[in-house]
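To keep things clear, I will list the structure first and then write my remarks on it.
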Amino acid sequence: MEKKTRDEIVQIVNEALIKEFELKSEQMKPEANFFTDLGLDSLDAVDMVIVLEQAFKVKLRTKYEIGKIMTLKDLYDYIENLMSEAAQQNG
Amino acid sequence: MEKRIVISGVGSISPYGAGANLLSENMLALKSGIAFNETLSEIPDMPSHISSKVPDIDFSYIPRQFRRSMSNMSLYAYGAAVEALESAKVSDMDGVALFLGSTISSMQTWMDFAGKYAAKEFNEVKTNVVFKVMNHSPLTNLAQSLGISGLGLGASAACATGLMNIGIGYSALKHGLISKALCGGTDEYHPIMTACFSIMNAASSHFNDSPSRASRPFDAKRDGIVCSEGAGMVFIEPLEDAVKRNAHIYGEIIGFGTNIDTKSISHPSRARISQCMELAISDAKIKAAEIDFINAHATSTVAGDIEEAKAIEMVFGKAPFVNSLKGHIGHTMAASGSLELIATLDMMEKGKFAPTLNLDNVDPACGDIKLFSKPTELKVRTFMKNSFALGGTNCCLIVRRY
């Protein structure tokens, strides 16, 4: 997994989710809750993991913590952490 | 006591586009919906290079949470159902039953899914694939998106699917089992559909250079089916309810007959088709002579058209006028029964009927029935709509002008 900056992560996540779920860019606020603000449901949550796995070339569905993510900020943080861990392991 | 059942709403997505009015309008203008299909022409050893497809329609007005689980056949059914409900002026879905089916589920979705599976990329498949390939996918997609929470029953009877669902809905209404229903059939085109008929030498292959001439039921030069797609939906209810709501009544369904031909899984027989017609006539409690028009199933196959024509001759002699609308739009599969019924209802109202397109020389083997080759003004009071299917299912519906 190639290390990315926070801004790059935010951009990739937002682009992927806007495309997949037909969201508007102004909806993509860090505090936005996937279910109450972005209107996603449990099926979308599964598809979101698939879309992010493809965007970041990383396995996410086997990770327990992914189920606790509720907001966009949670997601950015999670992916950023994952990348840092991967970078440390590789380094 | 049996209730009188009427059609008070119609909706269509066809090769002519979205709108039930487009059917008779284009058919009376002798416009063909059939075109060259490049994909077919690129498949080695594929003899048929023609199809009839629904033009691009923007379905983005359907909310994403419903649209995500819809393949084309569900999108088409949604468009047709909404039009049928609007034309019936029905907005309250309470008590509405739904009878809807397709011949098979979405082939393109299956192909994509199977491709990922074979390539060991199964984990890239998104959740909604399963909702697009379920056998009752259009039915459940419509129920979810329109809020239809009553009885949902999806007959799948190959090419007789649309008419079968209308016939079942009519029978359930007549006996008071339900109070109102949306009924019909839907299908989406895939080249495999043409391939299936080509394997049986039943897809047209001699008109690849002149697609609009390819589908020619009852004509001496016919050489097979042209596969097509679309959705036809009707809203049906007891007469008294339609009158109370001041709804437009397109026609009254007075009889339905269905049987299965067990002589062959692929070959229709005049004996069983004529029996099916008699069943519908008996259900309608009328005499054959009261039927003054027949909209045939006739798909432009060599054998099928002969058997249907001979069956008509056996039951009716030369009395009723007969047409097939597949010369115009090809065979819309599960939608054919309902789409062609809707077109015929409109022609009955206009008092003008489209001929069978491309009927240049009637095949003498099709017997002596009253076919015609130009748009013809006719006062029709009662007509029969036929739909027959691979596998042997036959359906005949009788409709009377109200």
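Every chain is numbered from 1 and lettered A, B, ... according to where its sequence line falls, protein lines coming before strand lines. All values below come from the heavy atoms of this structure, side chains included, with hydrogens, waters and symmetry mates left out. Keep in mind the model is a prediction, meaning the values are calculated, not measured.
Here the side chains of D44(A) and R64(B) are in contact, with some heavy-atom distance below 4.5 Å. A 4.5 Å side-chain heavy-atom check between V46(A) and K126(B) finds every atom pair outside the cut-off.
Of the atoms belonging to V49(A), not a single heavy atom falls under 4.5 Å from chain B. For chain B, the nearby parts of L43(A) are the backbone and the side chain; heavy atoms of each come within less than 4.5 Å.
Summarising the local packing, CG of D56(B) is surrounded by 12 or fewer heavy atoms from other residues, nucleotides or ligands at distances under 6.0 Å. In the displayed structure, Y61(B) atom OH is contacted under 6.0 Å by more than 12 heavy atoms of other residues, nucleotides or ligands.
Listed by chain and number, the residues in a side-chain hydrogen bond (donor to acceptor under 3.5 Å, both in side chains) with E124(B) are K116(B) (sequence neighbours excluded). Scanning for salt bridge (charged side-chain N to carboxylate O under 4.0 Å, His left out) contacts around E237(B) gives R245(B), with sequence neighbours left out. Contacts of D58(B) classified as side-chain hydrogen bond (donor to acceptor under 3.5 Å, both in side chains), with partners at least two apart in sequence or in another chain: S60(B).
Rounding to the nearest 0.5 Å gives a distance of 6.5 Å between CG of N123(B) and CD of E53(A).
Taking each heavy atom of N128(B) and D47(A) in turn, the nearest pair found is ND2-OD2, 3.8 Å.
Residues from residues 9-35 of chain A that place a non-hydrogen atom less than 4.5 Å from a non-hydrogen atom of chain B comprise E20(A), F21(A), E22(A), given in numerical order.
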